[in-house]
Q: 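Have a look at this one.
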Amino acid sequence: MKEVWVYIEQEEGRIHPVSFELLGVAKRLAQELSGRVAGVLLGHLVDDLRGEVFAYGAERLYLVDHEVLAYYRHIPYAKALAELARKYRPEILLLGATPLGRDLAGGVATLLETGLTADVTELAIDKETGHLLMTRPAYGGNIMATIICPNHRPQMATVRPRIFPIPERAEARSGEVIKEEISLTEEEAKVKRVGFIPKEKTVNLEYAEVVVSGGKGLGGKEGFAKLRELANLLKGEVGASRLAVEAGWISYEHQVGQTGKTVRPKVYFAFGISGAIQHRAGMQNADFVIAVNLDPEAPIFQIADLGLIGDWKTVCEALIEAIKQERKAS
Ligand SMILES: Cc1cc2nc3c(=O)[nH]c(=O)nc-3n(C[C@H](O)[C@H](O)[C@H](O)COP(=O)(O)OP(=O)(O)OC[C@H]3O[C@@H](n4cnc5c(N)ncnc54)[C@H](O)[C@@H]3O)c2cc1C
């Protein structure tokens with residue numbers, strides 16, 4: 001039976017949500033191939049994560065538990081994943097396009113001598129040939145390229161977080177666990193982690209429910225302080241266009257778009273953002289888009305659910321005031 005594999009990305013025993021997103025899309029692909037979805041989990045003492053993998057739709061779980069896999073290192077992880085793939089021959093292997101997933105996928109594809117498409121934003125099965133159609137932006141996002149890997153297996157892709165929704169969780173589901181022994185040694189790992197310095201403050205843009213974004217139209221750093229005020233009231237995060245980041249008004253981790261983050265909030269505010277295709281690539285999956293722009297011709301209005309032609313600051317301040325009044329009243 002053809003298998004669609006999802007690499008279950010875990011660090012410190014926590015699964016990255018992109019793995020759940022991929023289990024959802026893998027299910028759809030597997031159905032079209034009359035095959036099944038399997039998760040692949042590598043690590044040490046990660047057995048208790050199996051429930052999560054089944055709850056989000058895997059029918060099988062390949063598990064390699066080894067102390068050399070206690071934390072992520074390219075060589076042992078790539079070796080373990082490649083060996084599993086050689087033995088069980090999946091049709092498709094998907095990884096999240098996270099820093100870890102991108103690092104691992106390149107190594108595995110090279111070991112397996114197969115094709116890999118990076119940073120994919122659409123996946124489908126070609127009805128006639130059964131090949132995986134992997135689509136990603138190319139040439140600065142101005143065209144979408146669909147790439148196939150007709151002769152080599154598995155067909156590999158890294159997929160952007162937040163492109164696909166997290167599927168419904170079904171607690172009661174379970175599946176088959178295949179535990180695999182793979183010989184790995186500390187020496188071959190080559191690198192050792194001597195310490196771990198967590199980022200001081202991480203911006204959780206990708207998984208925020210409200211994103212308040214600003215662009216070049218904000219006119220300066222102070223604009224983002226205003227947006228922060230609104231974002232805090234709505235328990236959201238602040239996003240930005242590339243031009244705002246390039247102007248030095250806010251740091252790169254806030255950038256939304258093709259070369260920044262993909263977001264999928266319930267509400268996306270675009271203040272003073274023209275809506276270039278490279279920006280829209282990162283936010284067009286938002287449930288509801290509110291755009292404020294002086295220019296009625298700005299392309300952002302083509303995808304906005306609510307468009308306000310006007311000065312961003314006036315609207316933002318009025319909104320802050322209105323929310324404060326309402327909170328006071330209730
Ligand atoms: C390979 C490549 C990758 C890229 N990746 C990204 C990416 O990841 N993210 C990204 O955002 N861009 C990206 N870009 C850049 C993108 O093409 C645009 O240049 C950028 O998104 C424009 O940013 P902006 O909308 O803030 O600025 P502008 O296009 O200059 O728009 C500013 C808007 O503000 C409006 N405005 C001005 N004053 C006010 C006011 N007082 N009130 C309300 N509105 C006002 C203007 O009418 C205008 O529409 C990429 C480009 C390339 C080539």
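All figures in this text were calculated on a predicted structure; none of them were measured in a lab. Whatever order the structure lists ligands and atoms in, that order sets their numbers, starting from 1.
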Q: Which residue owns the protein heavy atom closest to atom 25 (O) of ligand 1, what's the atom, and how far is it?
A: Ser274 N, 2.7 Å

Q: For atom 41 (N) of ligand 1, find the nearest protein heavy atom and state the residue, atom name and distance (0.1 Å precision).
A: Asp311 OD1, 2.7 Å

Q: Hey, are the side chains of Val238 and Leu230 touching, using non-hydrogen atoms and a 4.5 Å cut-off?
A: no

Q: How close does the nearest protein non-hydrogen atom get to atom 2 (C) of ligand 1, and which residue and atom is it?
A: Arg242 NH1, 3.6 Å

Q: Measure the shortest side-chain to side-chain distance between Cys316 and Leu227 over non-hydrogen atoms and say whether it is less than 4.5 angstrom.
A: yes

Q: Run down the list Ile309, Asn293, Val292 and name the one with the heavy atom closest to atom 46 (C) of ligand 1.
A: Asn293

Q: Counting each atom of ligand 1 from 1 as listed, which ones have a heavy atom of Gln258 under 4.0 Å away?
A: 7 (C), 8 (O)

Q: Distance check, rounded to the nearest 0.5 Å: Asp103 atom CG versus Tyr72 atom OH?
A: 3.5 Å

Q: Any nitrogen or oxygen of Gly272, main chain or side chain, under 3.5 Å from a nitrogen or oxygen of ligand 1?
A: yes

Q: Are Leu132 and Val120 connected, step by step, through hydrophobic side chains (Ile, Leu, Val, Met, Phe, Trp, Tyr) whose heavy atoms are closer than 4.5 Å?
A: yes

Q: Only heavy atoms of Thr259, strictly under 4.0 Å: list the atoms of ligand 1 that pass.
A: 3 (C), 4 (C), 5 (N), 6 (C), 7 (C), 8 (O)

Q: What's the shortest distance from atom 17 (O) of ligand 1 to any protein heavy atom, and which residue and atom give it?
A: Gln278 OE1, 2.7 Å

Q: Does ligand 1 have a heavy atom under 4.0 Å from the side chain of Val256, from its backbone, from both, or from neither?
A: backbone

Q: Are the side chains of Asn232 and Arg228 in touch, meaning some heavy atoms are under 4.5 Å apart?
A: yes

Q: Ignoring hydrogens and angles, tell me if any N or O in the side chain of Thr110 forms a donor-acceptor pair with the backbone of Gly106 under 3.5 Å.
A: yes

Q: Report yes if the side chains of Gln10 and Leu49 come closer than 4.5 Å at any heavy-atom pair, otherwise no.
A: yes

Q: Atom CZ of residue position Arg169 - does it have more than 12 heavy atoms of other residues, nucleotides or ligands inside 6.0 Å?
A: yes

Q: Going by the order shown, which atoms of ligand 1 are within less than 4.0 Å of some heavy atom of Gly217?
A: 32 (C), 34 (O), 36 (N), 37 (C), 38 (N), 39 (C), 40 (C), 41 (N), 45 (C)

Q: Scan side-chain atoms only and decide if Thr158 and Arg102 contain a donor-acceptor pair under the 3.5 Å cut-off.
A: no

Q: Which residue owns the protein heavy atom closest to atom 7 (C) of ligand 1, what's the atom, and how far is it?
A: Gln255 NE2, 3.2 Å

Q: List ligand 1 atoms under 4.0 Å from Gly310, heavy atoms only on the residue side.
A: 42 (N), 43 (C)

Q: Do me a favour and list the nearest non-hydrogen protein atom to atom 1 (C) of ligand 1 with residue, atom name and distance?
A: Gly140 CA, 3.4 Å

Q: For the backbone of Ala298 and the side chain of Asn293, can you confirm whether one donor and one acceptor N or O come within less than 3.5 Å of each other?
A: no

Q: At a non-hydrogen distance cut-off of under 4.0 Å, which region of Lys313 contacts ligand 1 (side chain, backbone, both, or neither)?
A: neither

Q: Are Leu234 and Ile323 side-chain neighbours, meaning at least one heavy-atom pair lies under 4.5 Å?
A: yes

Q: With heavy-atom distances below 4.0 Å as the criterion, list the atoms of ligand 1 near His279.
A: 10 (C), 11 (O), 21 (O)

Q: Determine whether the side chain, the backbone, both or neither of Ala276 has a heavy atom under 4.0 Å from any heavy atom of ligand 1.
A: side chain

Q: Under 4.0 Å from a heavy atom of Gly260: which atoms of ligand 1 are those, numbered in the order shown and with their elements?
A: 8 (O)

Q: Answer yes or no on whether Arg193 is positioned over the face of Tyr71, meaning its NZ or CZ is under 6.0 Å from the six-membered ring centre and within 45° of the axis.
A: yes

Q: Nearest 0.5 angstrom please: Leu69 CG to Ile182 CD1, how far?
A: 8.5 Å

Q: Taking only heavy atoms of Gly257, which atoms of ligand 1 are found under 4.0 Å from at least one of them?
A: 7 (C), 8 (O), 9 (N)

Q: To the nearest 0.1 Å, how far is atom 20 (C) of ligand 1 from its closest protein heavy atom, and which atom is that?
A: Leu243 CG, 4.0 Å

Q: Looking at Gly215, which atoms of ligand 1 are within less than 4.0 Å of one of its heavy atoms?
A: 26 (O)

Q: Under 3.5 Å between any N/O of Leu294 and any N/O of ligand 1: does that happen in this structure?
A: yes

Q: So which heavy atom in the protein is nearest atom 23 (O) of ligand 1, and how far is it from that ligand atom?
A: Ser241 OG, 3.3 Å

